[in-house]
There are 2 protein chains.
Amino acid sequence: MAAQRGSKVALHRWIKEQLERKFGAGSLAPGQRLPSESEIMNSFGVSRHVVRLALAELAKEGVIHTERGRGSFVNPPKEIHPITSLTSYHTLMEERSLDASIRVLRNRPVTVTKALATRLGLVDGEQVVELIRVGRISGKPAVLMVSHLPYSLCKGLPARDMNTGSLYEYLEDECGLSLAYAENYIEVAFATREQARYLGVSPGSTLLLIEGLVYDQSGQPVEFSRVFYRGDRFKLFFESTKEDGVPGTKVRIGGRTSPL
Amino acid sequence: MAAQRGSKVALHRWIKEQLERKFGAGSLAPGQRLPSESEIMNSFGVSRHVVRLALAELAKEGVIHTERGRGSFVNPPKEIHPITSLTSYHTLMEERSLDASIRVLRNRPVTVTKALATRLGLVDGEQVVELIRVGRISGKPAVLMVSHLPYSLCKGLPARDMNTGSLYEYLEDECGLSLAYAENYIEVAFATREQARYLGVSPGSTLLLIEGLVYDQSGQPVEFSRVFYRGDRFKLFFESTKEDGVPGTKVRIGGRTSPL
DNA sequence: AAGTGGTCTAGACCACTAG
DNA sequence: TAGTGGTCTAGACCACTTT
């Protein structure tokens with residue numbers, strides 16, 4: 001191999017492009033193993049460092065992933081997921097009942113942190129219910145949902161089995177709350193060690209984060225939620241429709257999940 | 001320094017945490033320079049490689065950025081931006097008229113690619129208008145907007161100066177189109193060399209991508225757009241309101257941009 | 001010219017996986 | 001045990017920025 005390494009493009013970028021060309025989607029099926037790092041080293045005649053830089057770049061982009069002691073493998077294409085806000089993950093589950101499930105990791109009262117107290121309009125020392133759930137699709141961890149709710153509004157929540165049932169239905173039907181609106185922020189985040197463990201990715205992986213603050217009809221904050229998706233595995237979908245002269249756009253969340 | 005490097009956490013991760021603690025937001029103001037790589041090497045007594053791994057991790061997360069020949073610098077916090085779909089960037093400009101602007105990079109007819117033809121319902125060989133614009137906020141590149149529209153629907157577009165005025169207003173007022181709805185996908189992307197140049201980031205940087213396919217009232221595809229935001233600098237904002245028994249959620253796009 | 005980050009080599013040891 | 005990826009060291013040269 002070796003080939004002409006003309007011009008000024010960095011060697012590891014060039015190697016990355018070669019690997020993408022040879023093993024990218026299409027030429028190698030999802031799940032297939034790439035050559036080992038030492039094999040790539042030899043075939044291109046470069047040091048291990050540049051091979052690792054190239055593979056790391058491909059992994060960051062979600063094209064491949066690596067497993068210690070096993071090798072690097074081609075990833076399947078991204079899943080498409082309707083944006084989750086006020087319409088819960090549970091609603092999605094009902095649509096794809098066969099392969100979606102929820103597992104509760106934590107459901108217990110804790111003392112608020114300062115940042116949480118500000119968001120939920122609580123004072124220092126108050127209690128909130130911390131509800132942490134992992135949503136699985138086809139058995140694989142897909143989404144990490146972290147919710148915090150004022151304990152005073154849902155004292156019965158920690159005792160409740162949230163492995164089934166919608167959180168929002170519970171809040172409305174059994175806590176007498178009437179959810180009205182939410183402010184949401186979508187951003188890129190990176191997996192902490194704990195999040196990485198739950199989502200089955202390596203620490204520092206790219207995540208899509210939807211942060212939401214849900215309000216009661218009285219304007220009282222009811223839930224602060226953070227929903228983490230694997231950035232290499234998901235697209236968020238929403239459908240928007242334009243209505244008359246309104247200086248904004250109406251969006252229906254939770255449209256179809258058909259492929260692009 | 002050196003300190004106890006007990007247990008099993010990787011050295012570069014530990015260094016990263018130390019740096020974050022010492023120089024993270026709060027202790028060092030945005031724009032301030034961090035110690036050089038060799039200074040960090042010496043102060044921790046580690047090799048340059050682990051220092052670079054730690055700095056790269058911080059850069060990926062948007063905490064810092066590095067400039068060749070100059071050093072590493074603390075980043076300002078993320079901007080908050082309402083989701084752009086059907087309501088154009090131009091609308092945002094009007095809201096913050098002082099510091100937002102658009103610059104057109106390309107506006108010309110080209111032959112469709114296969115992927116584009118599929119999305120826009122065109123046949124091979126047809127022409128589309130390629131409109132590429134960079135939105136700036138406070139003079140700095142903020143968002144890269146890449147639009148493709150069937151040439152037959154807007155023959156006058158390439159001759160039009162799109163540095164001012166809204167694309168959607170142009171389509172409705174001067175092309176006789178009535179925009180109805182759009183399908184949108186939000187995902188993580190990574191900057192190509194070209195995108196990186198336009199956005200003032202390094203290749204491979206994390207981006208937030210909104211892909212949108214906008215339809216006419218007759219159901220005809222009118223525009224395929226891709227809007228790229230710097231992932232380390234932006235949050236997308238939307239507000240959702242729940243309405244009666246609809247199995248979905250109404251979202252008003254383009255709410256206020258007040259800070260979290 | 002001096003200092004900075006960007007790239008690359010060579011070699012080592014470790015942790016994990018699989019036969 | 002052999003092979004894999006994960007981590008780390010030491011040293012080198014280059015491209016770029018600043019003085």
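By convention in this document, chain letters (A, B, ...) are assigned in the order of the sequence lines, proteins followed by strands, and residues within each chain are numbered from 1.
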Quiz item: Is the shortest distance from a Lys or Arg side-chain nitrogen in B:Glu61 or B:Lys16 to a carboxylate oxygen in the other one below 4.0 Å?
Solution: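 Counted as a salt bridge, because a side-chain N and a carboxylate O are separated by less than 4.0 Å.
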Quiz item: Is a salt bridge present between A:Arg13 and A:Glu20, judged by a nitrogen-to-oxygen distance below 4.0 Å?
Solution: no
Atom [atom1] of [X] to atom [atom2] of [N]: distance rounded to whole Å?
X	N	atom1	atom2	value
A:Arg68	D:dG5	CZ	P	12 Å
A:Ile15	C:dT7	CD1	P	14 Å
A:Met41	C:dT9	CE	C1'	10 Å
B:Leu34	C:dT4	CG	P	13 Å
A:Glu37	C:dC8	CD	P	16 Å
A:His12	C:dG5	NE2	P	17 Å
B:Arg70	C:dG5	CZ	C1'	12 Å
A:His65	D:dT4	NE2	P	16 Å

Self-check item: For B:Arg33, side chain to side chain donor-acceptor pair (under 3.5 Å) partners two or more places apart
Solution: none
Exercise. Kindly check if the number of other-residue, nucleotide or ligand heavy atoms within 6.0 Å of CZ (B:Arg103) is above 12?
Key: no
Quiz item: Between A:Phe44 and A:Trp14, how do the two ring planes meet: parallel, tilted or perpendicular, split at 30° and 60°?
Solution: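 Answer is perpendicular, since the angle exceeds 60°.
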For [N], does either OP1 or OP2 sit under 4.0 Å from a side-chain N or O belonging to [X]?
X	N	answer
A:Thr66	D:dG6	yes
A:Ser38	D:dG3	no
B:Ser47	D:dA10	no

Quiz item: For the side chain of B:Ala10, counting heavy atoms from C-beta on, which of C:dC8, D:dC8, D:dT9 is nearest?
Solution: D:dC8
Quiz item: So what's D:dT18 paired with, Watson-Crick or G-U wobble, going by both distances under 3.5 Å?
Solution: C:dA1
Quiz prompt | Output field: ring centroids A:His148/A:Phe224 closer than 6.0 Å | solution = no
Quiz item: Which parts of residues 48-60 of chain A get close to DNA chain D, meaning a heavy atom less than 4.0 angstrom away?
Solution: A:Arg48, A:Arg52
Quiz item: Mind checking whether A:Arg133 and A:Leu105 have side chains closer than 4.5 Å, heavy atoms only?
Solution: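 Not in contact.
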